[in-house]
J.: 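Before we start, here is the structure in question, set down as structure tokens.
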Amino acid sequence: MPNHEMPTIQNPLNAYYTDDYPEQKQDYPGIQQNMKPVPDCGEKTYTGCGRLKDRKALVTGGDSGIGRAAAIAYAREGADVAIGYLPAEEKDAREVKELIEKAGRKAILLPGNLCDKQYCTDMVETASRELGGLDILALVAGRQIAKAGIDEISDKQLYEVFTTNVFSLFWTVQAALPHLEPGASIITTCSIEAYRPSGELLDYAATKGAIKSFSAALAEQLAPKGIRVNSVAPGPIWTALQICGGQFPDKIPDFGKDSLLKRAGQPAELAGIYVYLASTESSYVTAEVFSVNGGMHI
Ligand code: NAD
Ligand code: MG
């Protein structure tokens, strides 16, 4: 397992990439390996210390970006990890599999489309069968398409964005529930867009508002079972989602510069919170949303 030394103190202003991002565009869903620069998911830096020893995690969107950072960190903390992703993302997913295995843990690849309810069910069933159980559900996959006006949002877009971001959470949790024992943790992925919605992300922002409420209500339902539910609300993070339609291309160079830390975050900077929420360290934390947004106060 890589064990590159992480400095124990670093300046958050320049701890990660600070230059303008080169304007770039890929077809959805985008391949992270082909981005410039390639997002930092902690491949060279995340060092675990057994905080999730022998846990069994399913991470949706685990091939790239924030989900990949969580998947790598989970494995290095001692968990076996299954990842869901779109079939077109096989290249990125294979890298994650290798990284999980290098950490000495089991990796299960589960390609498919979350807009298909049957896939959501099969993904959970296969993950649980192959891992020998399930106790961490990190629901990270998401779809974001920028459009200037409400009349430009096609029914197809509306359907895809709401199905991927919201419906799939219902279907996945419904399938997972019979497998989850007391102590299990569900982590959803919200956004700063739930609190400070942008006009050009109208439909996406609406889904993230829904995820915020979904997570709190689900936490209430599952608390009596000893299952915690929390959500992570990232700000601007450098990932594939941004360069395959999530942002208008002319917004890419300055992406994240309006945060207090004057730069976009990297997925690696989210790994810690996904680990914390999955681990026993957060045993008294449920129905909460955690922001990681460079100081874009909400
Ligand atoms: P990403 O593109 O690297 O990851 C998103 C993943 O979602 C993809 O890799 C893909 O595997 C998965 N996905 C999308 N549609 C799918 C579908 N129909 N079926 C199966 N899988 C599908 O981008 P990311 O930024 O790491 O996104 C992760 C999460 O973080 C998303 O929920 C996103 O909304 C959220 N988020 C991102 C930012 C940001 O600035 N990057 C900010 C706030 C919230
Ligand atoms: Mg991807």
Side-chain angles (χ1 to χ4, degrees), residues 21 26-35 38-41 59-71 83-96 109-117 119-120 123 138-146 157 159-169 171-172 187-198 201 203-205 207-212 231-247 251-252 255-256 259 263-271 273-274 289-294 296 298:
Y21 286 100
Q26 287 187 33
D27 291 336
Y28 168 76
I31 294 298
Q32 167 163 317
Q33 291 172 27
N34 300 339
M35 289 175 68
V38 174
D40 182 345
C41 296
V59 182
T60 66
D63 61 296
S64 62
I66 297 165
R68 177 185 178 115
I83 63 168
Y85 57 93
L86 286 160
E89 300 173 300
E90 191 65 29
K91 254 175 96 175
D92 282 339
R94 293 258 155 215
E95 283 187 347
V96 177
L109 296 184
L110 302 169
N113 193 327
L114 291 167
C115 294
D116 173 5
K117 181 179 180 180
Y119 165 70
C120 295
M123 171 184 71
L139 304 171
V140 188
R143 181 87 164 107
Q144 173 182 320
I145 309 166
Q157 169 169 339
Y159 175 83
E160 270 182 32
V161 171
F162 271 83
T163 311
T164 307
N165 297 2
V166 182
F167 281 37
S168 79
L169 300 187
W171 295 332
T172 305
I187 304 156
T188 64
T189 306
C190 186
S191 170
I192 192 166
E193 289 293 326
Y195 299 87
R196 289 169 58 167
S198 314
L201 296 178
D203 53 343
Y204 175 83
T207 66
K208 292 297 175 176
I211 292 171
K212 175 171 159 279
S231 195
V232 178
I237 311 298
W238 180 241
T239 67
L241 168 145
Q242 304 296 350
I243 55 108
C244 52
Q247 294 284 337
K251 287 205 167 177
I252 292 295
F255 182 60
S259 68
R263 63 171 176 87
Q266 293 294 324
E269 298 181 274
L270 279 291
I273 192 70
Y274 281 88
V289 185
F290 286 75
S291 298
V292 181
N293 60 29
M296 302 180 83
I298 55 175

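First listed ligand is number 1; within each ligand, the first listed atom is number 1.
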J.: For ligand 1, note which part of Arg68 has a heavy atom under 4.0 Å away: side chain, backbone, both or neither.
T.: neither
J.: Kindly report the OG-the Mg ion (ligand 2)-OD2 angle for Ser64 and Asp63 respectively, rounded to 10°.
T.: 90°
J.: Tell me whether the guanidinium CZ or amine NZ of Arg68 lies under 6.0 angstrom from the six-membered ring centre of Tyr85 and within 45° of its axis.
T.: no
J.: Testing the basics here: between Val96 and Ala71, what is the closest heavy-atom pair and its distance to 0.1 Å?
T.: CG1-CB, 4.1 Å
J.: Which bit of Tyr204 is near ligand 1, meaning a heavy atom under 4.0 Å away: side chain, backbone, both or neither?
T.: side chain
J.: Could you report the tightest heavy-atom contact between Ala240 and Pro29, atom names first, then the distance?
T.: CB-O, 4.0 Å
J.: Measuring from atom 22 (C) of ligand 1, which candidate in Leu86, Val59, Thr188 has the nearest non-hydrogen atom?
T.: Leu86
J.: Using a 4.0 Å cut-off to any heavy atom of Gly65, which atoms of ligand 1 qualify?
T.: 3 (O), 26 (O)
J.: Glu89 heavy atoms, cut-off 4.0 Å: which ligand 1 atoms fall inside?
T.: 8 (C), 9 (O), 10 (C), 11 (O)
J.: Flag the pair Gln32 / Val38 as yes when at least one side-chain heavy-atom distance between them is below 4.5 Å, and no otherwise.
T.: yes
J.: Side chain, backbone, both or neither: which applies to Cys190 and ligand 1 if a contact is any heavy-atom pair less than 4.0 Å apart?
T.: backbone
J.: Run the numbers for me: atoms of ligand 1, each under 4.0 Å from some heavy atom of Leu114, listed by number.
T.: 17 (C), 18 (N), 19 (N), 20 (C), 21 (N)
J.: Heavy atom under 4.0 Å from ligand 1: found in Leu241's side chain, backbone, both, or neither?
T.: both
J.: If you consider just the N/O/S atoms, which atom of Glu89 is the closest one to the Mg ion (ligand 2)?
T.: OE2
J.: Side chain, backbone, both or neither: which part of Tyr119 comes within less than 4.0 Å of ligand 1 when only heavy atoms are counted?
T.: neither
J.: Backbone N or O of Leu110 within a donor-acceptor pair of the Tyr119 side chain at under 3.5 Å?
T.: yes
J.: Ile31 and Ala88: which non-hydrogen atoms are nearest, and at how many Å?
T.: CD1-O, 3.4 Å
J.: N/O to N/O below 3.5 Å, does that happen between Ile66 and ligand 1?
T.: yes
J.: How close do Gln144 and Gly246 get, heavy atom to heavy atom, and via which atoms?
T.: NE2-O, 2.7 Å
J.: Using a strict 4.0 Å cut-off to heavy atoms of Asp63, name the atoms of ligand 1 that fall inside it.
T.: 8 (C), 9 (O), 10 (C), 11 (O)
J.: Please answer whether the main-chain N or O of Ser64 pairs with a side-chain N or O of Glu89 as donor and acceptor at a distance below 3.5 Å.
T.: no
J.: Return yes or no for this condition: an N or O of Ser64 is under 3.5 Å from an N or O of ligand 1.
T.: yes
J.: Using a 4.0 Å heavy-atom threshold (strictly under), name the region of Val140 that reaches ligand 1: side chain, backbone, both or neither.
T.: both
J.: With backbone taken as N, CA, C and O and side chain as the heavy atoms from C-beta onward, which portion of Gln242 lies under 4.0 Å from ligand 1: side chain, backbone, both, or neither?
T.: side chain
J.: Going by the atom numbers of ligand 1, which of them fall below 4.0 Å from some non-hydrogen atom of Tyr28?
T.: 14 (C), 15 (N), 16 (C), 18 (N)
J.: Within a distance under 4.0 Å of any heavy atom of Thr189, pick out the atoms of ligand 1 and give their elements.
T.: 29 (C), 30 (O), 32 (O), 35 (C)
J.: Taking 4.0 Å as the limit for heavy-atom contacts, which would you say applies to Glu193 with ligand 1: side chain only, backbone only, both, or neither?
T.: neither
J.: What protein heavy atom lies closest to atom 18 (N) of ligand 1? Include the residue and the distance to one decimal.
T.: Asn113 OD1, 2.8 Å
J.: Around atom 14 (C) of ligand 1, find the nearest protein heavy atom and jot down its residue, atom name and distance.
T.: Gly142 O, 3.3 Å
J.: If you take all heavy atoms of Phe255 and Gln247, which pair is closest and at what distance?
T.: CE1-NE2, 3.7 Å
J.: Quick one: does Lys208 get within less than 4.0 Å of ligand 1, heavy atoms only?
T.: yes
J.: Gly62: heavy atom below 4.0 Å from ligand 1, yes or no?
T.: no
J.: Got a salt bridge between Arg94 and Glu90, using NZ or NE/NH1/NH2 to carboxylate O under 4.0 Å?
T.: yes
J.: Counting each atom of ligand 1 from 1 as listed, which ones have a heavy atom of Pro236 under 4.0 Å away?
T.: 40 (O)
J.: Looking only at distances, can you tell me whether any N or O atom of Ser191, backbone or side chain, sits closer than 3.5 Å to an N or O atom of ligand 1?
T.: no
J.: Over all heavy atoms of both residues, which pair between Pro234 and Asn293 is shortest? Give the atoms and the distance, please.
T.: C-CB, 4.4 Å
J.: Does any N/O atom on Gly61 come nearer than 3.5 Å to any N/O atom on ligand 1?
T.: no
J.: I'd like to check which ligand 1 atoms, numbered from 1 as shown, lie under 4.0 Å from a non-hydrogen atom of Gly235.
T.: 38 (C), 39 (C), 40 (O), 42 (C), 43 (C)
J.: Who gets closest to atom 13 (N) of ligand 1 by heavy atom: Gly30, Gly67, Ala141?
T.: Ala141
J.: Side chains of Gln26 and Asn34: any donor to acceptor distance under 3.5 Å?
T.: no
